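This report concerns only the one structure given below.
Model, not experiment: these values are computed from the prediction. For ligands, and for the atoms within them, numbers begin at 1 and follow the listed sequence.
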Amino acid sequence: MATGTEPPPAARPHPRGGGVHTTTRAAIAARHLRTDRWWLAPAATAAGLLAFVVYSTWRAFAGADYYAAPYVSPFYSPCLAENCVPMKGGPNWEIFGAWWGLSPAIIILIFPLGFRLTCYYYRKAYYRGFWASPPACAVAEPHRRYTGETRFPLILQNLHRYFFYAAVPVAGILTYDTVLAFRDEHYAWGHMGLGTLVFLVNIVLIWAYTLSCHSCRHIVGGKLKHFSRHPVRYRMWRLVGKLNARHMQLAWASLLSVGLADLYVYLVASGVFDDPRFF
Ligand code: FES
């Protein structure tokens, strides 16, 4: 019962003893006490993400130079609009109309974009890099209020698991594209060019990033009371856990590789160089 003599909430004695438990920040005038170059990581993150956003926006809206037989850019696969260029054997289904001539990439990029945008790692990266919320560990953020991800629009971050479900078939289709890359420009099988290698590296990184997802880890090994009764799921969970420990590195490596795979197709399709063939 309130007695009217309790200390204010900000300086209440700690229930386990040992002095005063404060519910507000320590009264330190300086914004932080760090002496290292803490700003370097968020600045580099923001620069890297910005570069990818500018490049991918240009390529997604270009609507051209995304197919150089046998390679299709991962930004445009599967191509689901009427105005897709014909790709022999490629994932090219005219499910949607031409949509006022809009680039077909817009239809499909929603899914990988949503997957990355709601990814736990990228959230941390762009919250720090762009919103300074917080800019780094032990550095106070400039915002006065903090509501976390409990309100619109950030509450939509909880859709991440569903974007994971969408990302898996997209990765499957990019795998199919990689298999098709073992043809030559006349669609004869059993060939390999530099582009095939670029696609192979990209698909390995895409799968590694997708399977290292925190949601994937929970789907594989979550809600189990006894791992001993589920040895297969336990083994899969351990495997996903190892990838999960590298999630940040895989997020960057796969972002770079998907951009490079698109750039490669663009350069070949626009005639900058011919795809070197190994055999
Ligand atoms: S947490 Fe990063 S992709 Fe799921």
Side-chain angles (χ1 to χ4, degrees), residues 41-42 44-53 55-57 60 74-75 77-78 105 107-137 147-178 199-224 233-262:
T45 302
L49 291 179
L50 198 62
F52 185 81
V53 167
Y55 173 79
S56 56
T57 305
F75 287 8
S77 185
I107 300 169
I108 199 64
L109 277 183
I110 294 166
F111 300 105
L113 181 72
F115 185 49
R116 292 201 183 239
L117 213 57
T118 57
C119 161
Y120 293 14
Y121 165 68
Y122 283 112
R123 270 142 79 171
K124 171 189 153 188
Y126 64 79
Y127 287 167
R128 288 188 174 195
F130 294 119
W131 292 348
S133 180
C137 287
T147 55
E149 293 172 333
T150 57
R151 296 188 184 174
F152 184 82
L154 294 186
I155 197 163
L156 295 179
Q157 304 281 30
N158 291 303
L159 292 176
H160 183 63
R161 169 180 284 238
Y162 300 101
F163 278 117
F164 169 76
Y165 294 143
V168 171
V170 170
I173 287 165
L174 297 187
T175 309
Y176 176 64
D177 291 342
T178 307
F199 272 46
L200 270 174
V201 171
N202 180 46
I203 198 59
V204 168
L205 290 171
I206 291 281
W207 272 117
Y209 168 65
T210 305
L211 296 178
S212 71
C213 169
H214 293 63
S215 291
C216 174
R217 189 164 178 261
H218 183 256
I219 290 164
V220 168
K223 292 192 176 168
L224 292 182
R233 285 185 68 182
Y234 176 62
R235 243 177 267 142
M236 283 165 61
W237 177 78
R238 295 245 318 183
L239 200 67
V240 170
K242 280 186 191 149
L243 285 174
N244 182 259
R246 300 262 175 277
H247 195 56
M248 179 183 81
Q249 292 89 333
L250 291 169
W252 280 106
S254 59
L255 194 73
L256 192 68
S257 74
V258 80
L260 283 177
D262 171 78

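- The NE2 atom of His247 and the SG atom of Cys119 meet at atom 2 (Fe) of ligand 1 at an angle of about 100°, given to 10°.
- Between Phe164 and Ile219, some side-chain heavy-atom pair lies under the 4.5 Å cut-off.
- By the 4.5 Å heavy-atom criterion applied to side chains, Tyr121 and Tyr209 are not counted as neighbours.
- A donor atom on one side chain and an acceptor atom on the other are not found under 3.5 Å apart for His160 and Arg123.
- Below 4.0 Å from some heavy atom of His160 lie the following atoms of ligand 1, by number and element: 1 (S), 3 (S), 4 (Fe).
- The shortest side-chain heavy-atom distance between Ser77 and Ile108 does not fall under the 4.5 Å cut-off.
- One of the N, O or S atoms belonging to Cys213 lies under 2.8 Å away from atom 4 (Fe) of ligand 1.
- Remark: distances from the non-hydrogen atoms of Phe163 to ligand 1 are all 4.0 Å or more.
- Heavy atoms of Phe115 found under 4.0 angstrom from ligand 1 belong exclusively to the side chain.
- At distances below 3.5 Å, not a single donor-acceptor pair connects side-chain atoms of Arg128 with backbone N or O atoms of Ala136.
- Residue contacts with ligand 1: Tyr209 is included, with a non-hydrogen atom under 4.0 Å away.
- Here His214 does not reach atom 2 (Fe) of ligand 1: none of its N/O/S atoms is less than 2.8 Å from the metal.
- The backbone N or O of Pro74 lies less than 3.5 Å from no partner atom in the side chain of Asp262, so there is not a single donor-acceptor pair.
- Proximity of Arg116 to ligand 1, defined as any heavy-atom pair under 4.0 Å, is not found for any part of the residue.
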